[in-house]
Asks: 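Take this structure first; my questions come after.
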Amino acid sequence: MVQPIEPEFEQALHELTHSLEPFLAANPHYQKALEVIQVPERVVQFRVVWEDDKGVAQVNRGFRVQYNSALGPYKGGLRLHPSVNLSILKFLGFEQTFKNALTGLSMGGGKGGSDFDPKGKSDSEIRRFCVSFMTELFRHIGQDTDVPAGDIGTGAREIGFLFGAYKKLKNEFVGMLTGKGMDWGGSFIRPEATGYGLIYFVEHMIAKSCPEFSLDKPSTIVAISGSGNVSQFTALKVLELGATVKSLSDSRGSVIAPEGFTRTDILSVGQLKLKGGSLESWVSEQSDKRFTYYPGKRPWTLLPVIHHALPGATQNEVSGEEAEALVKAGVRVVAEGSNMGCTEEAVEVFENARKAGKGVWYAPGKASNCGGVAVSGLEMAQNSQRLAWSTQEVDDKLKNIMAEAYQQCLAAGTKYSGEQVTDGVLPSLLSGANVAGFVKVADAMKEHGDWW
C-alpha cells in the first residue's frame, strides 16, 4: 500500500509495523487488521484558487486525508506550509489515528492542509485563501463527521477565517473546528495543551526512570527545539516547574542560552513569532549577551550536558548522529513534542541505549504530544454541551488524560515489546504506544465489520 513517492508515510508505517512484530507473532489474527488499517478511508484533493493583493489569481493544492473513523469523527489539524504533500498528510493522519486512540476520547484520525505559505502574506490574502479553501472543504467536514484543527501555519487568525467561511456557507454555528477563539466556542488551555501535556507526560517518565533529574530542580537542563506554539508552552511549563531551558530553534538556526532562558525571554520570542520574525533577529535585538546564535544548526550538538531533550519543531529533526551526541551528553528522557521528530536512525540509537541499561528513555510523539488533540476533544465536548469549563477543570482533565496515556504505553510496552524484562532496563514506550493505540482501533474496526 506504500508508494515510492511517499517516504514520510513509509517511515511511519515501517515504525508501526516493526514495533508490532512481537505482538503480531503472539496474536497473528491481528495481521489482517494491519493490512486494512494502513489504507485511508478517504482522501480528498482539490484546487484552491485565490486572489492576491495585486488582483492576480494564485493556485494551491488542498487536501483532507480522512484516515480512520473507528473511534469517532475524523480529527486532526490543517497544515499550511509549502512542504505539504500527500505523503506528509498520510503520515500525519496515520499517526493521528493512534494518538487520538491513546487519549481515551471519541476521536478518529485525519489530517489536511495545503501547500499555501502564509508567511509574507497580508491578512487580506490569507482571508481570501481561507474562504476559497473552505468553499470546497465544507462539503467533507462537520461536527459529527470530521473536525479539523490548527497546525503549522494555521493559527487563531486562520481558524477564525475558516470558521467564518463555513458558517456563511452552511448557515449554522457548530463546533466543526477546534482551536476557536474564547468568545465563540474555544476552550481554555487549548493553545498551551500540546506543550503542557508533553511536560505532564515527561514528569511520569522522570518519576520512574530518573527522579534525580526532576523538573523542579534548577540543575536539570532541558533542550528544546522549535520556537512556535508547542515549544513556547513547553518551555514556559518547564520554567514554571523550576528546571532550566537552554535552547530554542527555528528553520534558520538555534539559540543557546548558557545560563538559561527566562519566562520574559520566551514571551518575547512568542511575540516575535506572531510577526513572522526569526530567532537570529531576536538575538540581535537583545541588549545583553546571554545568547549565542548558531545559523543552520539544531540544538542537539551544541550543549555539553543535556538531561532531557524535547524536539518540538517538525518531523525528522533529530538525526542518528545527533541522537548519539545526546546520549553522549547524558540525556535521560527524549520525548517528542513534534510528530515523528526523530529519524528512524535516531530512534534506533535511543532504543539501543535503553536496552543497554544506559537509562535513556524515548517517547514517540503519538503518546507524548497527544495533549493538544486531547484538549481539542474536550473543546468538542464543551461545544456539544454549549458549556465552557474553567481553566482548572480543563487542565485537570488534561493531566488525567496524559497520565492514562502514559500508563497505557507503559503496560503495553512491558507486555508486548518482545524483550526479556531485566533489572535496570526500562520498557519500550515506543512499542507500548504503537501496540496500545493499534489494538484499540483494530478492535473497534472488527466490531464494525471492517476486517474479519
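Computed from a predicted structure; not experimentally measured.
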Asks: Within the side chain of Lys273, is there an N or O that forms a donor-acceptor pair under 3.5 Å with the backbone of Gly277?
Replies: yes
Asks: Output yes when a side-chain donor or acceptor of Thr343 lies under 3.5 Å from a complementary backbone atom of Val318, and no otherwise.
Replies: yes
Asks: Please determine whether the number of non-hydrogen atoms from other residues, nucleotides or ligands lying under 6.0 Å from atom CD of Glu344 exceeds 12.
Replies: yes
Asks: Please round to the nearest 0.5 Å and tell me the distance separating atom CG of Asn85 and atom CD of Glu6.
Replies: 8.5 Å
Asks: The criterion is side-chain contact (heavy atoms from CB on, under 4.5 Å); which residues satisfy it with Gln392, sequence neighbours excluded?
Replies: Ser390, Asp396
Asks: Would you say the ring centroid of Tyr74 lies under 6.0 angstrom from that of Tyr67?
Replies: no
Asks: Would you say Ser132's side chain and Trp50's backbone share a donor-acceptor pair under 3.5 angstrom?
Replies: no
Asks: Got a sec, which residues hit salt bridge (charged side-chain N to carboxylate O under 4.0 Å, His left out) with Lys121, two or more places apart in sequence or on another chain?
Replies: none
Asks: Does some side-chain heavy atom of Glu345 sit less than 4.5 Å from a side-chain heavy atom of Ser319?
Replies: no
Asks: Give a yes or no answer on whether the side chain of Glu351 reaches the backbone of Glu348 with a donor-acceptor pair at less than 3.5 Å.
Replies: no
Asks: For Val131 and Ala165, which heavy atoms make the closest approach, and how far apart are they?
Replies: CA-CB, 4.0 Å
Asks: Closer than 3.5 angstrom, by distance alone: can the side chain of Thr97 be matched with the main-chain N or O of Gly93 as a donor-acceptor pair?
Replies: yes
Asks: Scan side-chain atoms only and decide if Ser428 and Glu419 contain a donor-acceptor pair under the 3.5 Å cut-off.
Replies: no
Asks: Is there a side-chain contact between Cys130 and Arg157 in this structure, where contact means two heavy atoms from C-beta onward sitting under 4.5 Å apart?
Replies: no
Asks: Would Phe188 and Trp389 count as a close aromatic pair, with their ring centres under 6.0 Å?
Replies: no
Asks: Go through the side-chain N and O atoms of Ser187 and Gln382 and say whether any donor and acceptor fall under 3.5 Å apart.
Replies: yes
Asks: Look at Arg128 together with Glu125 and state whether they make a salt bridge at an N to O cut-off of under 4.0 Å.
Replies: no
Asks: When you look at CD of Glu21, are more than 12 heavy atoms from neighbouring residues, nucleotides or ligands closer to it than 6.0 Å?
Replies: yes
Asks: Begin with the C-alpha distance, continue with both residues' side-chain angles, and end with the deciding distance and a verdict on salt bridge (charged side-chain N to carboxylate O under 4.0 Å, His left out) for Asp146 and Lys75.
Replies: CA-CA 6 Å; Asp146 184 349; Lys75 185 82 191 82; over 6 Å; no
Asks: Side chain to side chain donor-acceptor pair (under 3.5 Å): which pairs involve residues 197-210, sequence neighbours left out?
Replies: Tyr200-Lys237, Tyr200-Asp395
Asks: Between Phe23 and Tyr416, does the ring centroid distance fall short of 6.0 Å?
Replies: yes
Asks: Kindly indicate, with the supporting measurements, whether the criterion ring-ring contact (aromatic ring centres under 6.0 Å, His included) is fulfilled by Phe116 and Phe133.
Replies: CA-CA 10 Å; Phe116 171 80; Phe133 183 79; 9.2 Å; no
Asks: Distance only, no hydrogens: is a donor on one side chain within 3.5 Å (strictly under) of an acceptor on the other, for Asp53 and Ser122?
Replies: yes
Asks: With the threshold set at 4.0 Å, does a side-chain nitrogen-carboxylate oxygen contact exist between Glu212 and Arg332?
Replies: yes
Asks: Strictly by modelled atom types, are Asn316 and Gln11 linked by a side-chain donor-acceptor pair under 3.5 Å?
Replies: yes
Asks: Could you check whether Arg290 pairs with Asp288 (Lys NZ or Arg NE/NH1/NH2 to Asp/Glu carboxylate O, under 4.0 Å)?
Replies: yes
Asks: Could you give the distance from CD1 (Ile199) to OG1 (Thr234), rounded to the nearest 0.5 Å?
Replies: 5.5 Å
Asks: For residues Ile88 and Leu92, determine if any side-chain heavy atom of one lies less than 4.5 Å from a side-chain heavy atom of the other.
Replies: yes
Asks: Mind checking the CE-CG spacing from Met205 to Leu410? Nearest 0.5 Å is all I need.
Replies: 10.0 Å
Asks: Indicate whether any N or O donor in one side chain lies under 3.5 Å from an N or O acceptor in the other, for Arg79 and Thr154.
Replies: no
Asks: Looking only at the side chains, is there a donor atom on one of Ser376 and Thr178 sitting less than 3.5 Å from an acceptor on the other?
Replies: yes
Asks: I'd like to know whether CD of Glu285 has more than 12 heavy-atom contacts from other residues, nucleotides or ligands below 6.0 angstrom.
Replies: yes
Asks: With a 4.0 Å cut-off, would you call Glu317 and Arg298 a salt bridge?
Replies: no
Asks: Just wondering, are more than 12 heavy atoms of other shown residues or ligands nearer than 6.0 Å to NZ in Lys358?
Replies: no
Asks: Indicate whether any N or O donor in one side chain lies under 3.5 Å from an N or O acceptor in the other, for Asp52 and Gln58.
Replies: yes
Asks: Side chains of Ser225 and Trp300: does their closest heavy-atom pair fall under 4.5 Å?
Replies: yes
Asks: If I compare all heavy atoms of Leu102 with all of Ala436, which pair ends up nearest, and what's the gap?
Replies: CD2-CB, 3.8 Å
Asks: Under 3.5 Å, is there a donor-acceptor pair between the Asn434 and Ser19 side chains?
Replies: yes
Asks: Do Phe350 and Trp361 make the cut of ring centroids closer than 6.0 angstrom?
Replies: no
Asks: Check whether any side-chain heavy atom of Leu198 lies under 4.5 Å from a side-chain heavy atom of Glu336, and answer yes or no.
Replies: no
Asks: How close do Val360 and Val331 get, counting heavy atoms only, and between which atoms?
Replies: CG2-O, 3.4 Å
Asks: Going by distance alone, is a donor N or O of one side chain under 3.5 Å from an acceptor N or O of the other, for Asn100 and Thr103?
Replies: no
Asks: Using side-chain heavy atoms (C-beta onward) and a distance below 4.5 Å, is Phe129 in contact with Ser114?
Replies: yes
Asks: Could you check whether any side-chain heavy atom of Ser219 comes within less than 4.5 Å of a side-chain heavy atom of Thr244, counting everything from C-beta outward?
Replies: no
Asks: Does the side chain of Asn339 come within less than 4.5 Å of Gln315's, by heavy atoms?
Replies: no
Asks: Could you measure the distance from the NZ atom of Lys397 to the CG atom of Leu105? Nearest 0.5 Å is fine.
Replies: 10.0 Å
Asks: Thinking salt bridges, do Glu95 and Lys366 make one under a 4.0 Å N-O criterion?
Replies: yes
Asks: Write down the atom of Ala433, the atom of Pro364, and the distance for their closest heavy-atom approach.
Replies: CB-CG, 3.8 Å
Asks: Is the ring centre of Phe261 less than 6.0 Å from the ring centre of Phe291?
Replies: yes
Asks: Roughly how far, to the nearest 0.5 Å, is CH2 of Trp282 from OG of Ser268?
Replies: 5.5 Å
Asks: Nearest 0.5 Å, please: how far is CD1 in Ile152 from CG in Leu78?
Replies: 12.5 Å
Asks: With the threshold set at 4.0 Å, does a side-chain nitrogen-carboxylate oxygen contact exist between Glu379 and Arg190?
Replies: no
